[in-house]
Protein chains: 2
Amino acid sequence: MAQKPSIPKGTRDFSPAEVAKRNYIIENIRNQFQNFGFQPIETPSFENSDTLMGKYGEEGDRLIFKILNSGDFLKKADPAAYDERDSLKITSSISEKALRYDLTVPFARYVVQHRNELEFPFKRYQIQPVWRADRPQKGRFREFYQCDADVVGSTSLWQEVEFVQLYDAVFTALGLEGVTIKINNRKVLSGFAEVIGESEKLIDFTIALDKLDKIGVDGVKKEMQEKGISSEAIKKIEEVFNLKGDFSEKIGVLKNILSSSEIGKKGIRELEFIAEAIEELKLETAKLDLDVTLARGLNYYTGAIFEVAAPDDVQIGSIGGGGRYDDLTGIFGLNDVSGVGISFGLDRIYLVLEELDLFPEAVSGNIKALFINFGENESMYCLKAIKELRKAGIASELYPDDAKMKKQMTHANRREIPFVILAGQDEMDKGEFTVKTMRTGEQDTLSLEKLVEKIRDL
Amino acid sequence: MAQKPSIPKGTRDFSPAEVAKRNYIIENIRNQFQNFGFQPIETPSFENSDTLMGKYGEEGDRLIFKILNSGDFLKKADPAAYDERDSLKITSSISEKALRYDLTVPFARYVVQHRNELEFPFKRYQIQPVWRADRPQKGRFREFYQCDADVVGSTSLWQEVEFVQLYDAVFTALGLEGVTIKINNRKVLSGFAEVIGESEKLIDFTIALDKLDKIGVDGVKKEMQEKGISSEAIKKIEEVFNLKGDFSEKIGVLKNILSSSEIGKKGIRELEFIAEAIEELKLETAKLDLDVTLARGLNYYTGAIFEVAAPDDVQIGSIGGGGRYDDLTGIFGLNDVSGVGISFGLDRIYLVLEELDLFPEAVSGNIKALFINFGENESMYCLKAIKELRKAGIASELYPDDAKMKKQMTHANRREIPFVILAGQDEMDKGEFTVKTMRTGEQDTLSLEKLVEKIRDL
């Protein structure tokens, strides 16, 4: 019995048009990664489970796709777990491998495993799919690409400056003008917590602050109070909720608030360094803004925190993010390797370019010319011409079957091929080709040389 | 406790140099696929298990990586299988998804699932990893890329002609001259079996014939006899074991042997059509040869069978293969869609290019220039220049830390960066840069404009 074919929920087939557009974005990101001195690595799709488990919290562990051991896997199943039918407990005894959940942990594993071959500071980029057993919903998939660039082995703030420029370079190359690169610093957040005397509540505090956009000032205050932060404490940093003005005006306010916090002041100095460098180097099309509510994966980040917002007229979440982390490789036994990195959100960038109609027409990856098949001799005549076209870099093909003219023309139309070439006995006798421009219907009869020129000039 | 990091056996980390070389091969294949009118699709890494299971034989089923269901998967485990601890039997109740085993079955699934959106004949290419739980050994991995191009929806032999040209175009673009594109036809093999009166032993017969290279004429005869094919039968096609000469001479011999077999004669006509077309169209650097021992996945193929051998001086298995199959999509309920396709063996092509030293030097993906970091002012001066270099497409970067000169030069040496740029107070005063060519040690002091020219002309 034939099966009705389908794919697992949360996964996607990509059509030729979609692949072409995705590759266009990836190529632009890759080009800028290379321009900025990042080099590609690739890691296996699955890692040993103990490389991944325990690195993303309990929820993360649950969302990691586990691969069943091959062969008679039940033989090695944990007997106690088997008797208790305990799915969670039995897993590690019947599954040794798991699909990667992100590119960051595999990168840390890579750096530690290959540390003797690597030259530090090591700048790598990685563009590969990751998998998460998340509940699928609009815009959230179980398989998706991550595009990451990281440097490890240097604490220099020039790296942060470079990453701001890199974001600007990629979005400029994609024609996506007016993105906002938001920056914050973990040390500034620590400073806030210190100033209000609630250093041990840093996480609760920043999780609440991060919601400012969504729930407003009153909502944030309410949540902070619920977490046991007093009204007096909140009052001390009230100004933070209403930061206005440009980068340096905001910095001015922060300096007042954080004047008593050493770590807070250090964070401010870092922000100032980056902002001043960018002001002097100038951005092409993006703008840099300070956003003290930005927290992201706070447990990772120790310095700069980045997030990129699409232009104001597009309603979508962040299209990129990253930051500095001081001990990523520590989990694998290599301490004191500071790193900083950023990521591009391929799926969301795709949606933004689609919405703003920014994909160039040439991205389709379509052939330029279809040669009509009039029979064996004509086909051979055409294939010789096609060979020359391809040498000139013009993608083209012969309709494979000697079908009715109408069918072949319909095929060209449906595939939106710009030129159709016809060569019958007349053309063959003269060594010529009749070319029909499909958009206008206009026809010309040309030598092969002129034909190549005409199509190339399209 | 820190873990000692490692990766699962049969998988690989790819270093920057390796990724750059792999991408070079993939880009060349992709360019020619596009030139020939193939369009890219991508399918999910995992499919529903019932899409894959039963499509590759019992051995294949065993080699498919299964993904454990999420959550409390034991709850739905087959009770009987659970009680019997039957790993094989329990699998389908605790695993609904599996990693793809090749690109062919997912492609068939794609064609059937999207048949109403597709315009036939449909020419697609697909370059993605596949996974097999095979025992790892030299040159055999559990994760590897396949690079496939197929056409479905046409029985035209021009497709076979195009595929021969496509192989030639790709290997020519890669600078790999002298590959042999071997061709055979399933109908010729059927003809042999018919002529010797052993049509029902076609598979045994061809499996034995396929080993001619390895075990010699006597070995093949012995194996055929063991499979119950009589000496008289073998005698009738003895000439097949010693086919000599060029394509048309071999065809001449086949015509004699197969004169009584309709299907055999049809196979010969197909081979002749392809050979004559290729003779007229000419190949750039490859040669086409008839190899009647070629069987490959005989159960798939119904017409042409292809295999590509590396140049004679390289000892390695086939670097490509393919053929025509008449009912690939039938397993998913869409009958009578003929297809033909070929595949490129990325890993082996890599080894061949490496052995013959055919990777261009520029493939490294390395930066061209490292700017030495002398401190804050100098760094800013350099970053402004770096911005211009990158705009000109020259990958370059600033050493991030104000480290000792020797350390920075060592870094440039280890990374084999061709130019090091130095700019101290003197250079800044004059708006110049000192550039050191690392290979020769030669130094020049240049304006930014001249610097760009010098590096670009490398």
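All values below were derived from every heavy atom in this structure, side-chain atoms included, with hydrogens, water molecules and symmetry-related copies excluded.
Neither the backbone nor the side chain of A/Q32 has a heavy atom closer than 4.5 Å to any heavy atom of chain B. If you measure heavy-atom distances from A/K391 to chain B, the contacts under 4.5 Å come from the side chain alone. Only the side chain of B/F122 has a heavy atom closer than 4.5 Å to any heavy atom of chain A. The part of B/D86 that comes within reach of chain A is its backbone (N, CA, C, O), which places non-hydrogen atoms under 4.5 angstrom from that chain. Neither the backbone nor the side chain of A/Y381 comes within less than 4.5 Å of any heavy atom in chain B. In this structure, no portion of A/N31 lies under 4.5 Å from any heavy atom of chain B. With a 4.5 Å cut-off on non-hydrogen atoms, A/N69 does not touch chain B at all. A/R30 touches chain B through its side chain: at least one heavy atom from C-beta onward sits under 4.5 Å away, while N, CA, C and O do not. With a threshold of 4.5 angstrom between heavy atoms, A/L99 approaches chain B through side-chain atoms but not through N, CA, C or O.
Counting heavy atoms from C-beta on, the side chains of B/T11 and A/E47 never come closer than 4.5 Å. Two residues are said to be in side-chain contact when any heavy atoms from C-beta on lie closer than 4.5 Å; B/I94 and A/F73 meet this criterion. Within the 4.5 Å cutoff, the side chain of A/S15 has no heavy atoms near those of the B/I41 side chain. A 4.5 Å side-chain heavy-atom check between A/P5 and B/T51 finds every atom pair outside the cut-off. Between B/Y399 and A/P121 the shortest side-chain heavy-atom distance falls below 4.5 Å.
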Begin from the C-alpha positions of B/I90 and A/L74 and carry the test side-chain contact (heavy atoms from CB on, under 4.5 Å) through to its verdict. CA-CA 9 Å; B/I90 207 171; A/L74 286 182; 4.0 Å; yes

side-chain contact (heavy atoms from CB on, under 4.5 Å) evaluation trace for A/F36 with B/I386: CA-CA 9 Å; A/F36 276 72; B/I386 288 171; over 6 Å; no

Could you go through the side-chain contact (heavy atoms from CB on, under 4.5 Å) check for B/T43 and A/I7 one step at a time? CA-CA 9 Å; B/T43 61; A/I7 52 176; over 6 Å; no

As a quick check of understanding, evaluate side-chain contact (heavy atoms from CB on, under 4.5 Å) for A/I67 and B/L68, giving each step before the final call. CA-CA 6 Å; A/I67 294 172; B/L68 199 55; over 6 Å; no

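Annotation: the span from B/Q126 atom CD to A/F14 atom CZ amounts to 12.0 Å, rounded to 0.5 Å. With rounding to the nearest 0.5 Å, the separation of CG in B/D401 from OG in A/S156 is 5.0 Å. Rounded to the nearest 0.5 Å, atoms CD (A/E376) and CZ (B/F273) are 4.5 Å apart. Atom CZ of A/R142 sits about 5.0 Å away from atom NZ of B/K97, to the nearest 0.5 Å. Atoms CZ and OG, on B/R62 and A/S70 in that order, are 8.0 Å from each other to the nearest 0.5 Å. A distance of 5.5 Å separates CH2 in B/W158 from CG in A/L383, rounded to the nearest 0.5 Å.
Heavy-atom minimum distance, B/I367 versus A/G37: CG2-CA, 3.1 Å. Across all non-hydrogen atoms, the minimal contact from A/R109 to B/S6 is CD-O, 3.8 Å. The nearest pair of heavy atoms linking A/V19 to B/E42 is CG2-N, 3.7 Å. Minimum interatomic distance between B/H411 and A/F120 (heavy atoms only, all atoms of both residues): ND1-O, 3.3 Å.
Residues passing the ring pair (Phe, Tyr, Trp, His ring centres under 6.0 Å) test with B/F65, sequence neighbours excluded: A/F46. For the salt bridge (charged side-chain N to carboxylate O under 4.0 Å, His left out) test, residues two or more places apart in sequence or in another chain that qualify with B/E280 are A/K384.
Between chain B and the residues A/K282, A/Q34, A/Q113, the most heavy-atom pairs under 4.5 angstrom are made by A/Q113. In terms of heavy-atom pairs under 4.5 Å with chain B, the best-connected choice from A/Q165, A/K123, A/E117 is A/K123. For the options A/P16, A/A169, A/A77, heavy-atom pairs under 4.5 Å to chain B are most numerous at A/P16. Each of B/K368, B/R22, B/R12 has some count of heavy-atom pairs under 4.5 Å with chain A, and the biggest count is that of B/R12. Among B/S154, B/P44, B/A173, the residue making the largest number of heavy-atom pairs under 4.5 Å with chain A is B/P44. The residue among B/M380, B/E96, B/R124, B/K66 with the most heavy atom pairs within less than 4.5 Å of chain A is B/M380.
In this structure, the side chain of A/N35 engages the main chain of B/R390 through a donor-acceptor pair within 3.5 Å. A donor-acceptor pair is defined here as one N or O able to donate and one able to accept, closer than 3.5 Å; such a pair exists between the side chain of B/E143 and the backbone of A/S45.
Annotation: cation-pi pair A/R85/B/Y82 present, NZ/CZ under 6.0 Å from the ring centroid and within 45° of its normal.
Annotation: B/E18, atom CD; neighbour count of heavy atoms from other residues, nucleotides and ligands within 6.0 Å is above 12. Annotation: B/K89, atom NZ; neighbour count of heavy atoms from other residues, nucleotides and ligands within 6.0 Å is above 12. When the shell of 6.0 Å around CD of A/E27 is examined, it contains more than 12 heavy atoms from other residues, nucleotides or ligands.
Comment: A/E119 does not engage B/R415 in a salt bridge, judged by the lack of any side-chain N to carboxylate O separation of less than 4.0 angstrom. A salt bridge links A/K387 with B/E284; the closest basic N to acidic carboxylate O contact falls under 4.0 Å.
Donor-acceptor pairing under 3.5 Å is recorded for the side chains of B/S87 and A/D72.
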